[in-house]
Amino acid sequence: MNFVDIIRKKRDGFELSKEEIEYFAFSAADGSVPDYQLSALLMAICFNGLTERETLDLTNAMARSGDMADLSAINGITGDKHSTGGVGDKTTLIVAPVVASCGIKIAKMSGRGLGHTGGTVDKLESIPGFGTFLDSDEFISIVNECGICVTGQSGKLCPADKKLYALRDVTATVDNVSLIASSIMSKKLAGGAECIVLDVKCGSGAFMKDEKSATVLAEKMVEIGKGAGRKIAALITDMDVPLGHNIGNSLEIIEAVETLKGNGPHDLTEISVSLSAKLLELAGKGTFEECKGIAMTKINDGSAFEKLCEMVSLQGGNEEYIRNTDLFPSAKFIYNVIMPENGYIVHMDTAGIGSVCASLGAGRMKKEDVIDSSAGIVLRKKTGDHAEKGDVIAVLYANNDSLFESAGQRFLSSLKFGNEKTEFKPLVLNTVE
Ligand code: URA
């Protein structure tokens, strides 16, 4: 098969055959096609889309591009969770231990930062020693031992998605509904869990900017999951505003730990509890409302926090950093962003804020870039908050202070100010089951 013909066929708007889609996925996995040709095909897909059939074929091919985890050796119900990506979205670090502390086995494969969004694997790697390069056997043995494991795709699981994900991040080919659906669902199918909750983000900081497109994505993924025999549901949640206050890798671990100790911000707590409850409901633990109560209890009695400590330790991480988050090194430099006028923040371009955060070192501009764990942003004010001229509305953290001038300006131009308080939307906008 000739890869140039496949690129040309998609460029000209034709449907690719199952064999061509498989050739694409398998050669991404084995490295036999160069990055520039894979990137060209990704761009052609962004322009011309994939049909339902092509999306399903790509999902299955990527899922089969490496090992399929066999979770049959795990006692009990297995669960998994995935977000379509947002800014300040550290819900996995909360949902996974909450649900695991209820006895559901969490076998989760996570991603790195993508575009303007952060990734759980990058966040976890800010914990010294934490291992995200696990193969299927290690993955399963950790789930068996403590009921929870969050791994990257560095082992033999879903290598095609691992390759394409990294290329999409740096070639502006992320926000295509079929590429997102197949990327997420290939990992969920290969990961093998029976119950899956999806967090489909919607708004200025999400890949899906409005509820309609988020619903299309949610329905596509739920359908793929059901077709594969999984119990699956998606919550469509607000990402018009960053989630919580901290954005950036170790800053997000710190905020997740606070949330697991019951001291988290309201939005992060509510979305995390809702996602946990939906997963618990799928696993047969009760109604959604009952499961919300169970999730809150696991936060309030400290068992979810202890579960995170256990997982960190079994994955080689230094648990002391979770018990005492002051151990995380702080960035060398800080920069205060100042409110330019009296009034309310009426809108945040959340993707813009995610990009500012990445430019401080928290994300990648090129595939090979190394993440700066301590770089990031702490928001003091968000949409709907009032501030006086001269107030500090955000603090930027970086290890290179020459980045601040442009980052500070770009941060401010991501905000809109006004005299009227913005009406709040619900945090959970819809559920697709
Ligand atoms: N998360 C993924 O795993 N893949 C995407 O394409 C987007 C978010």
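What you see below is based on every heavy atom in this structure, not just the backbone, and it leaves out hydrogens, waters and symmetry mates. Whatever order the structure lists ligands and atoms in, that order sets their numbers, starting from 1.
In this structure, a donor-acceptor pair under 3.5 Å is present between the side chains of Thr55 and Ser178.
Counting only residues at least two apart or in different chains, side-chain hydrogen bond (donor to acceptor under 3.5 Å, both in side chains) contacts with residues 70-81 comprise Asp70-Ser72, Thr78-Glu194, Asp80-Lys188, Lys81-Thr91, Lys81-Thr92.
A salt bridge does not link Asp5 to Lys9: none of the charged nitrogens lies less than 4.0 Å from a carboxylate oxygen. Between Glu223 and Lys226 there is no salt bridge, since none of the side-chain N atoms of the basic residue sits less than 4.0 Å from a carboxylate O of the acidic one.
A heavy-atom cutoff of 4.0 Å around ligand 1 is satisfied by the protein residues His82, Ser83, Thr84, Leu114, Tyr165, Arg168, Ile180, Ser183, Ile184, Lys187.
Not counting sequence neighbours, the partners of Asp240 by the salt bridge (Lys or Arg N to Asp or Glu O under 4.0 Å) test are Lys425. In this structure Tyr321 satisfies the ring-ring contact (aromatic ring centres under 6.0 Å, His included) test together with Phe328, sequence neighbours excluded.
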